[in-house]
Structures are given as structure tokens and as C-alpha cells.
Asker: 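Quick one: the structure is below, and I'll ask about it shortly.
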Amino acid sequence: MCGTDSKLGEMRALILVGGYGTRLRPLTLSRPKPLVEFANKPMLLHQMEALVEAGVTQIVLAVSYRAEQMEQELSDEAKKLGVSLVFSHETEPLGTAGPLALAKDILGASDEPFFVLNSDIICEFPFKDMVAFHRNHGQEGTIVVTKVEEPSKYGVVVYGEQGRIHSFIEKPQEFVSNKINAGMYIFSPSVLRRIQLRPTSIEKEVFPDMACEGQLYAMELQGFWMDVGQPRDFLTGCQSIDMQLYSAEGLG
């Protein structure tokens with residue numbers, strides 16, 4: 001980790017917040033999902049705070065649904081954090097890769113790598129470790145992976161000892177791996193050449209090609225991780241966070 005912090009301040013991040021939040025209804029009937037409170041603050045604010053702590057100074061929000069409401073509420077929070085917040089508006093849903101092309105001029109404005117995050121992920125965000133790992137292997141992309149108990153429910157990531165990703169297998173019926181995509185990435189700007197401005201899935205249309213070319217690596221996440229995009233998982237995540245705070249304060 002030594003020697004990386006001085007450059008973190010030049011970095012940018014893009015958070016995918018364009019979804020309708022249908023999985024999290026009824027919580028999202030009156031508020032966009034990123035503004036739903038999780039552990040006493042808007043879900044998205046957890047990610048923003050962690051990015052700022054890592055030295056990121058510009059965050060792009062790829063928005064479409066209820067964009068004005070997000071701008072009103074998050075602009076004030078961004079000022080408090082001292083981070084530049086840019087709203088990249090999608091006129092049509094662009095999937096998980098198209099938003100990178102839409103924000104290409106911002107994300108590719110320097111040679112520094114940039115983060116891409118799914119907005120409904122809560123964990124101990126390892127952003128500084130991601131930078132160090134990404135620079136160490138020197139290739140185009142890094143995916144954070146996390147261990148799950150039932151990999152047959154997910155698409156799993158298969159990779160070697162050094163982290164080089166070999167393949168992705170959707171909902172395997174036989175055990176091949178228990179590591180899944182944790183929804184956090186860091187890319188070198190050259191990845192933008194792979195993505196066109198159209199609806200595109202980064203998981204299905206971009207990552208497989210990168211893996212075949214040896215340009216994609218997996219970094220294993222240590223500690224708590226939760227996709228809180230569904231009511232049951234949202235409640236479980238809140239309970240897990242509460243237990244962590246309880247233990248951290250020496251009350252357990």
C-alpha cells in the first residue's frame with residue numbers, strides 16, 4: 001500500500017445508479033434506491049464517504065430514474081465531503097457498460113485508473129487495496145470477488161493463484177468456485193476503447209473478452225459484503241451492520 005496514496009487524489013469513480021429499484025419495493029416507491037436509508041444514512045452515501053476517504057475527488061453518478069431528486073439531496077452531501085459530483089444522464093437504459101462510454105470524457109481525462117461500483121453493494125470498501133492490487137498486476141481491469149455459501153445461485157468467477165481470471169460460469173450445478181463478482185471494479189482508462197455508447201452488459205459482453213486476453217484479474221474481498229438490492233437482503237444487511245458496530249464498540 002505504501003507509495004499509492006499520493007496519486008489517489010487524481011482518481012475518479014463512477015457509480016451505477018440508473019436502475020428503477022423494483023427489487024427493493026416498497027422502499028423505492030417514493031425514493032430512488034440510492035437514497036433509501038441503510039444504517040441511518042442514504043445507501044449511496046456509504047460508498048461516497050469511502051471513496052472520499054481513499055482520496056477520490058470526482059464521482060460520476062450514472063442516473064436516469066428520479067435523477068432530479070438525487071441531485072437535490074446528494075449535491076449537499078458532496079459539498080460536505082469536499083468531492084466533485086457529476087450527474088451523467090442516460091436518455092435510455094445503457095446497462096452496466098454503456099454508462100462508462102457516456103462518461104468517457106471524464107473517466108478518461110487522465111492516465112489514472114478509475115473505480116466503477118454497483119450502487120446496492122455494502123461492505124468494508126477496500127478501495128486503497130484495489131488500487132495497489134491493480135497497479136501490481138499491471139493489466140486493464142480488476143474485479144473484486146467475494147465468497148458465498150451457495151455459488152449455484154450466482155455466476156462464479158474462475159481464476160488462478162495470481163488472480164488472473166480464466167472464465168465466468170453462470171449458476172454452476174457442480175462446484176467449480178465459490179467466488180462471485182462483488183460489484184466493485186477498477187479499470188485502466190484503456191478499457192474505454194472496448195465499450196460503445198449503447199446498452200451493454202459489462203459482465204456478459206466486456207469481461208469475457210478481457211479475460212480471454214489476460215487483461216482481467218480478481219482481488220478477493222476480506223470481511224463483510226452484502227448485495228442489499230432486495231428487501232430480505234436489505235434487512236439482513238442492516239442486522240449485520242448493527243452487529244458489527246455493536247462488536248466494534250466493545251459491547252458484544
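As the structure is a prediction and not an experimental result, all values here were calculated from the model.
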Asker: Name all residues meeting the side chain to side chain contact (heavy atoms under 4.5 Å, CB included) criterion together with P151; count only those two or more places apart in sequence or in a different chain, and write none if there are none.
Answerer: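 Partners of P151 by the side chain to side chain contact (heavy atoms under 4.5 Å, CB included) criterion, ordered by chain and then number, come out as V148, V156, F175, N178.
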
Asker: Counting distance only, does the side-chain N/O of W225 pair as donor-acceptor with the main-chain N or O of I122 below 3.5 Å?
Answerer: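 Between the backbone of I122 and the side chain of W225 there is no qualifying donor-acceptor contact (under 3.5 Å).
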
Asker: Could you check whether E205 pairs with R198 (Lys NZ or Arg NE/NH1/NH2 to Asp/Glu carboxylate O, under 4.0 Å)?
Answerer: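 Yes.
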
Asker: Indicate yes or no: at least one non-hydrogen side-chain atom of S177 is less than 4.5 angstrom from one of I169.
Answerer: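 With C-beta onward as the side chain, the pair stays apart.
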
Asker: With a 4.5 Å cut-off on side-chain heavy atoms, are L216 and Q139 touching?
Answerer: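 In short, these two side chains do not touch, never coming nearer than 4.5 Å.
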
Asker: Any sub-3.5 Å donor-acceptor pair from E174's side-chain atoms to P172's backbone N or O?
Answerer: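 Side chain of E174 to backbone of P172: no pair is present.
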
Asker: As an exercise, state the distance from CD of E73 to CG of L45, rounded to the nearest 0.5 Å.
Answerer: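 Taking CD in E73 and CG in L45, the distance rounds to 11.0 Å.
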
Asker: Out of curiosity, M184 CE to Q47 CD, how far, rounded to the nearest 0.5 Å?
Answerer: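 Reported to 0.5 Å precision, the distance equals 8.5 Å.
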
Asker: Would a 4.5 Å heavy-atom cut-off, applied to side chains only, mark I59 and V86 as touching?
Answerer: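 When only atoms from C-beta onward are counted, V86 and I59 do not touch, as no gap falls below 4.5 Å.
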
Asker: Does CD belonging to E53 count more than 12 external heavy atoms closer than 6.0 Å?
Answerer: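 At most 12 heavy atoms, drawn from other residues, nucleotides or ligands, come within 6.0 Å of this atom.
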
Asker: Under the rule for side chain to side chain contact (heavy atoms under 4.5 Å, CB included), what residues qualify as partners of H89, not counting sequence neighbours?
Answerer: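 For H89, the residues satisfying side chain to side chain contact (heavy atoms under 4.5 Å, CB included) (neighbours in sequence not counted) are V63, A67, E71, F87.
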
Asker: Which distance, rounded to the nearest 0.5 Å, do you find between the CD1 of I143 and the CD of E203?
Answerer: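 Rounded to the nearest 0.5 Å, the CD1-CD separation comes out at 8.0 Å.
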
Asker: Any sub-3.5 Å donor-acceptor pair from S119's side-chain atoms to L16's backbone N or O?
Answerer: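 Indeed, once roles are kept as given, a pair shorter than 3.5 Å links the two residues.
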
Asker: Would you please classify the geometry between the H134 ring and the H137 ring as parallel, tilted or perpendicular, with 30° and 60° separating the classes?
Answerer: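 Geometry flag for H134 against H137: perpendicular rings.
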
Asker: Determine yes or no for a side-chain-to-main-chain donor-acceptor pair under 3.5 angstrom, with S88 supplying the side chain and L61 the backbone.
Answerer: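 Judged by distance alone, no pair lies under 3.5 Å.
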
Asker: Any non-hydrogen side-chain atom of L74 less than 4.5 Å from a side-chain atom of M48?
Answerer: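 Answer yes - side chains close enough.
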
Asker: Would you say M219 ends up clustered with I121 if hydrophobic residues are merged whenever their side chains have heavy atoms under 4.5 Å apart, either directly or through other cluster members?
Answerer: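 Yes; tracing contacts between hydrophobic side chains, which count when under 4.5 Å, links both residues.
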
Asker: Please determine whether a side-chain nitrogen of the Lys or Arg among E49 and K80 lies less than 4.0 Å from a carboxylate oxygen of the Asp or Glu.
Answerer: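 No salt bridge links E49 with K80.
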
Asker: Are I186 and L221 grouped together when hydrophobic residues (ILVMFWY) are joined by side-chain heavy atoms under 4.5 angstrom apart?
Answerer: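 Both belong to a single hydrophobic cluster.
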
Asker: Do H46 and F125 come within less than 4.5 Å of each other through their side chains, counting heavy atoms only?
Answerer: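 H46 reaches F125 side chain to side chain.
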
Asker: What are the two closest non-hydrogen atoms of V145 and A218, and how far apart are they?
Answerer: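 Here V145 and A218 meet closest at CG1-CB, 3.9 Å.
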
Asker: Tell me whether L94 shares a hydrophobic cluster with I106, the cluster being built from Ile, Leu, Val, Met, Phe, Trp, Tyr side chains joined at under 4.5 Å.
Answerer: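 No, it is not one cluster - the side chains of L94 and I106 are not joined through contacts under 4.5 Å.
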
Asker: Below 4.5 Å, heavy atoms only, C-beta onward: do L192 and R194 meet side chain to side chain?
Answerer: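 No, too far: nothing below the 4.5 Å cut-off.
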
Asker: Might you work through the side chain to side chain contact (heavy atoms under 4.5 Å, CB included) test for L100 and L14, ending with a clear yes or no?
Answerer: CA-CA 8 Å; L100 278 69; L14 180 142; 4.3 Å; yes

Asker: Does the pair Y185 and V144 meet the rule for a side chain to side chain contact (heavy atoms under 4.5 Å, CB included), with working shown?
Answerer: CA-CA 6 Å; Y185 321 124; V144 176; over 6 Å; no

Asker: Any side-chain heavy atom of V60 within less than 4.5 Å of one from I15?
Answerer: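 They are not in side-chain contact.
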
Asker: Would you call the rings of F207 and F168 parallel, tilted or perpendicular if under 30° counts as parallel and over 60° as perpendicular?
Answerer: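 Parallel: the ring planes of F207 and F168 meet at under 30°.
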
Asker: Can you name the closest pair of heavy atoms from P199 and P93 and give their distance?
Answerer: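 Shortest heavy-atom separation between P199 and P93 comes out as CG-O, 3.5 Å.
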
Asker: Write out all pairs satisfying side chain to side chain donor-acceptor pair (under 3.5 Å) with one or both partners inside residues 143-162, taking only residues at least two apart or from two chains.
Answerer: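 Pairs touching residues 143-162 that pass the test: Y159-E220.
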
Asker: Is it true that the side chains of E140 and S190 contain a donor and an acceptor less than 3.5 Å apart?
Answerer: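 The criterion, which ignores hydrogens and geometry beyond distance, is satisfied for S190 and E140.
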
Asker: Could you check F114, F133, F115 and say which one makes a ring-ring contact (aromatic ring centres under 6.0 Å, His included) with F127?
Answerer: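 Output: one option passes, namely F115.
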
Asker: Please round to the nearest 0.5 Å and tell me the distance separating atom CZ of R12 and atom OG of S110.
Answerer: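 Nearest 0.5 Å value for the CZ-OG distance: 4.5 Å.
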
Asker: Measuring from atom CG of D76 to atom CG of L85, what distance do you get when rounded to the nearest 0.5 angstrom?
Answerer: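 Nearest 0.5 Å value for the CG-CG distance: 10.5 Å.
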
Asker: Grab the two heavy atoms, one from G98 and one from L197, that are nearest each other, plus how far apart they are.
Answerer: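 Smallest interatomic distance, heavy atoms only, reads O-CD1, 4.0 Å.
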
Asker: Which atoms form the tightest heavy-atom contact between A62 and E90, and what is the distance?
Answerer: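 That would be CB-OE2, 3.8 Å.
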
Asker: Mind listing the closest non-hydrogen atom pair of I195 and A97 along with its distance?
Answerer: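 That would be CG2-O, 3.4 Å.
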
Asker: Please examine the side chains of P126 and Q222, heavy atoms only from C-beta on, and report whether any two atoms are closer than 4.5 Å.
Answerer: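 Contact flag for Q222/P126 side chains = no.
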
Asker: At their closest point, which heavy atom of D120 faces which heavy atom of M43, and how far apart are they?
Answerer: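 Reported closest heavy-atom pair: CA-SD, 3.8 Å.
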
Asker: What's the spacing between L51 CG and L44 CG if we round to 0.5 Å?
Answerer: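 The CG atom of L44 is 9.0 Å from CG of L51, to the nearest 0.5 Å.
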
